[in-house]
Amino acid sequence: MAEVINMPRLSDTMEEGVVAKWLKKVGDKIEEGDILAEIETDKATMEFESFYSGTLLHIGIQEGEGAPVDSLLAIVGEEGEDISALLNGKGGPEEKASAPAETQDSASQTGNDAPATGEIPEGVEVVSMPRLSDTMEEGTVASWLKKVGDKVEEGDILAEIETDKATMEFESFYSGTLLHIGIQEGESAPVDEVLAIIGPEGTDVDAVLKAVAGGGAKKESAPVEAQGPASQTENAEPASEGNAGQAQTATGGRIFASPLAKKMAEEKGIDLSQVKGTGENGRIVKKDIENYTPVVAAQPAQAETKGAEAPAAKVMPFVPAGEESSEEVKNSQMRKTIAKRLAESKFTAPHYYLTIEVDMDNAIASRGQINALPDTKVSFNDMVVKACAMALKKHPQVNTSWKGDTTQYNHHVHVGVAVAVDEGLVVPVLRFTDQMSLTQIGTQVKDLAGKARNKKLTPQEMEGSTFTVSNLGMFGIQEFTSIINQPNSAILSVGGIVQKPVVKNGEIVVGNTMKVTLACDHRTVDGATGAQFLQTLQHYLENPVTMLA
């Protein structure tokens with residue numbers, strides 16, 4: 001039987017997605033787990049895998065095109081299978097099932113209220129358990145931020161939902177009154193289960209739930225389906241009356257743009273109403289933002305002020321002395337998540353800090369010899385990461401996680417390396433770091449850092465660290481402390497290498513030193529344990545040959 005694949009919700013704020021690339025074509029055999037396409041969300045371009053096996057019978061959204069979440073993306077089934085019913089209804093099983101109900105006579109409906117319970121009243125919205133990650137099959141409600149009877153505005157945070165990867169805030173896409181909560185705090189439910197109902201106050205919730213259970217459609221959807229070509233043409237006319245370069249709908253002046261295009265425009269300060277969309281139906285896509293120049297918008301002003309000095313138009317307006325001004329910039333989901341996680345770590349884990357100064361003369365000499373080899377490039381950070389991985393094997397107490405009633409000892413070593421990006425900080429993970437060579441570490445760090453800056457990191461590449469390294473030495477920072485990246489028990493802060501007078505063999509000579517600071521969770525790592533770890537780390541860094549033995 002053919003399976004309909006809809007546009008997934010790959011992030012908690014995703015409303016629509018753009019197919020960046022199809023990795024399969026119609027007629028190809030598909031296995032469960034195969035990557036079907038790369039989908040561009042409001043946060044990143046992510047690989048989307050198939051949950052079904054069969055033949056790819058239909059592609060509903062072409063490369064470069066965008067569509068709302070739950071739109072028909074593809075159909076997978078048996079080769080030669082008739083999918084006309086699915087294509088006509090874009091998910092036709094529900095419509096095929098509902099069609100007979102619409103044509104049933106009164107005799108077939110005797111003894112029940114099917115017409116009343118089969119439709120969802122106008123203005124009522126059923127909120128389902130969202131798919132907040134590409135592998136999520138069920139979610140747990142960690143906490144409700146609204147209660148039944150509360151007024152809800154579009155964009156309000158309804159609840160915190162725990163997925164298989166993280167606990168994420170889930171916001172409402174509708175306004176109204178919270179009429180019903182379908183999944184209580186601490187309870188779990190599959191994706192698409194009824195999470196909540198939002199609508200006008202006084203709505204009969206029992207009737208709505210019966211309608212949902214019976215697969216009922218919204219009451220207002222029938223007139224839309226009944227509209228013929230003529231009515232659709234009338235609706236389309238207002239959109240064509242506006243500026244051809246402005247991709248706005250006929251209702252409310254909404255601008256059609258991909259999520260990534262909206263994000264890029266916000267970051268660059270570009271007014272989307274001035275951008276000409278080249279996508280489907282005038283939709284603004286990534287390349288439109290990249291290629292946008294304000295020349296068209298500036299031409300009228302230039303024509304009126306012809307003869308005036310060009311630089312004058314670019315001068316910022318004068319702000320009188322003493323006048324205060326400010327602006328509020330909406331926090332990105334990444335920024336909010338960073339704030340929440342770091343606050344949780346700082347206020348739940350009792351931090352303490354240990355600092356040592358490492359003699360880097362031998363490390364500098366060893367690095368020079370290694371990098372003199374053909375096709376070899378090793379950084380001081382690579383050496384620090386390798387030394388940490390080896391030290392963790394000798395001090396397993398540092399390679400732990402606090403679990404409340406238990407302490408989890410990790411027998412594997414996965415070192416996370418903090419990478420700064422425009423929106424904040426991400427921590428890609430090097431798996432089994434202790435088994436990697438210096439050159440392998442260098443190659444993988446460079447690859448993951450590049451992915452991070454291009455927003456290509458997958459959730460799997462940022463999960464599972466047992467220890468973290470944060471390096472600000474390249475910015476001239478000599479010493480700093482970091483907040484522990486939970487559930488790790490420790491994080492190492494690495495400063496820059498400084499040339500300064502040092503005492504060797506009773507004489508003052510020029511030396512190269514580097515300060516490192518270990519932040520520890522006192523619940524799992526005692527002071528003596530942290531100090532012993534740093535001693536081992538110092539030994540490896542001051543004698544790099546021991547890391548190659």
Side-chain angles (χ1 to χ4, degrees), residues 11-13 43-44 130 132-133 136 138-147 155-171 183-188 329-354 397-410 414-421 423-429 452 457 459-472 480-493 517-527 529-530:
S11 80
D12 52 323
T13 58
K43 293 181 177 178
L132 298 179
S133 77
M136 176 179 170
E138 68 173 19
T140 301
V141 176
S143 65
W144 279 100
L145 303 182
K146 298 286 184 180
K147 61 182 184 293
D156 284 356
I157 303 301
L158 281 181
E160 294 180 340
I161 295 179
E162 182 181 322
T163 74
D164 56 336
K165 295 178 177 176
T167 299
M168 307 175 75
E169 293 179 338
F170 176 63
E171 65 182 50
I183 306 169
Q184 300 302 319
E185 289 187 1
E187 293 182 356
S188 301
V329 179
K330 187 176 181 181
N331 291 324
S332 67
Q333 199 64 27
M334 178 184 287
R335 191 76 259 169
K336 289 191 287 185
T337 301
I338 290 172
K340 179 182 177 182
R341 293 291 172 80
L342 294 183
E344 286 176 353
S345 177
K346 186 67 175 177
F347 297 119
T348 59
H351 286 53
Y352 71 91
Y353 307 95
L354 303 171
Q397 188 71 40
V398 183
N399 199 41
T400 56
S401 298
W402 177 258
K403 295 293 185 180
D405 292 334
T406 61
T407 296
Q408 176 177 308
Y409 283 78
N410 300 301
H414 294 346
V415 177
V417 180
V419 176
V421 296
E423 292 82 4
L425 190 72
V426 294
V427 184
V429 179
L457 276 178
Q460 292 86 347
E461 290 172 323
M462 296 184 285
E463 292 178 343
S465 67
T466 62
F467 184 86
T468 306
V469 173
S470 179
N471 192 337
L472 294 179
F480 68 104
T481 60
S482 301
I483 298 175
I484 297 169
N485 179 32
Q486 291 191 338
N488 299 174
S489 285
I491 182 171
L492 188 75
S493 306
T517 299
L518 184 70
C520 300
D521 183 344
H522 217 319
R523 296 175 299 179
T524 51
V525 182
D526 293 330
T529 304

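No experiment lies behind these values; they were computed from the predicted model shown.
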Query raised in the report: Between S465 (side chain) and V429 (backbone), is there a donor-acceptor pair under 3.5 Å?
Result: no

**Report entry** Stepwise side-chain contact (heavy atoms from CB on, under 4.5 Å) check, I483 with I491
**Finding:** CA-CA 7 Å; I483 298 175; I491 182 171; over 6 Å; no

Report task. Report yes or no: does T466 contribute a side-chain atom to a donor-acceptor pair with the main-chain N or O of H414 at less than 3.5 Å? Result -> yes

Report summary line: Minimal heavy-atom distance between L354 and G527, with the atoms involved, is CD1-O, 3.8 Å

Report task. Would you sort out whether F170 and I157 count as a side-chain contact (heavy atoms from CB on, under 4.5 Å), showing the intermediate values? Result -> CA-CA 6 Å; F170 176 63; I157 303 301; over 6 Å; no

Requested in this report: Could you tell me the separation between the CD atom of E187 and the CD atom of E138, rounded to the nearest 0.5 Å?
Outcome: 12.0 Å

Report summary line: In this structure, CD of Q408 is separated from CG of N399 (nearest 0.5 Å) by 9.5 Å

Requested in this report: Mind checking the OG1-CG spacing from T337 to L425? Nearest 0.5 Å is all I need.
Outcome: 12.5 Å

Query - Check: H522 main-chain N/O paired with Y352 side-chain donor or acceptor under 3.5 Å - result: no

Query raised in the report: Nearest 0.5 Å, what's the CD1-CD distance between I161 and E169?
Result: 11.0 Å

Requested in this report: For H351 and S345, work out which heavy atoms get closest and say how close.
Outcome: CE1-O, 3.3 Å

Report task. Examine distances only and state if a side-chain atom of T348 and a backbone atom of E344 form a donor-acceptor pair shorter than 3.5 Å. Result -> yes

Query raised in the report: Which value, rounded to the nearest 0.5 Å, describes the distance between I183 atom CD1 and S188 atom OG?
Result: 8.5 Å

Query - Note, I338 side chain near R335 side chain (heavy atom, < 4.5 Å) - result: yes

Query raised in the report: Can you name the closest pair of heavy atoms from I484 and C520 and give their distance?
Result: CD1-C, 3.4 Å

Report summary line: Shortest non-hydrogen pair, V419 vs A452, comes out as CG1-CB, 4.1 Å

Query raised in the report: So, for Q397 and V525, which heavy atoms are closest and what is the spacing to 0.1 Å?
Result: O-CG2, 3.7 Å

**Report entry** Any donor-acceptor pair under 3.5 Å from S489 side chain to T400 backbone
**Finding:** yes

Report task. Scan side-chain atoms only and decide if S493 and S482 contain a donor-acceptor pair under the 3.5 Å cut-off. Result -> yes

**Report entry** Main-chain N/O of R341 paired to Q486 side chain as donor or acceptor, under 3.5 Å
**Finding:** no

Report task. Taking all non-hydrogen atoms of both residues into account, name the closest pair between G530 and L518 and its distance. Result -> O-CD2, 3.8 Å

Report task. Under the side-chain contact (heavy atoms from CB on, under 4.5 Å) rule, what do K403 and D405 come out as? Steps first, then yes or no, please. Result -> CA-CA 6 Å; K403 295 293 185 180; D405 292 334; over 6 Å; no

Requested in this report: Take F467 and N410 through the side-chain contact (heavy atoms from CB on, under 4.5 Å) test and state the conclusion after the steps.
Outcome: CA-CA 10 Å; F467 184 86; N410 300 301; over 6 Å; no

Query raised in the report: Hey, what do you get for CG (L492) to OG (S470), rounding to the nearest 0.5 Å?
Result: 9.0 Å

Report task. Assess the side chains of T517 and T481: does a donor N or O sit below 3.5 Å from an acceptor N or O? Result -> no

**Report entry** Test side-chain hydrogen bond (donor to acceptor under 3.5 Å, both in side chains) applied to T524 and T407, step by step
**Finding:** CA-CA 7 Å; T524 51; T407 296; over 6 Å; no

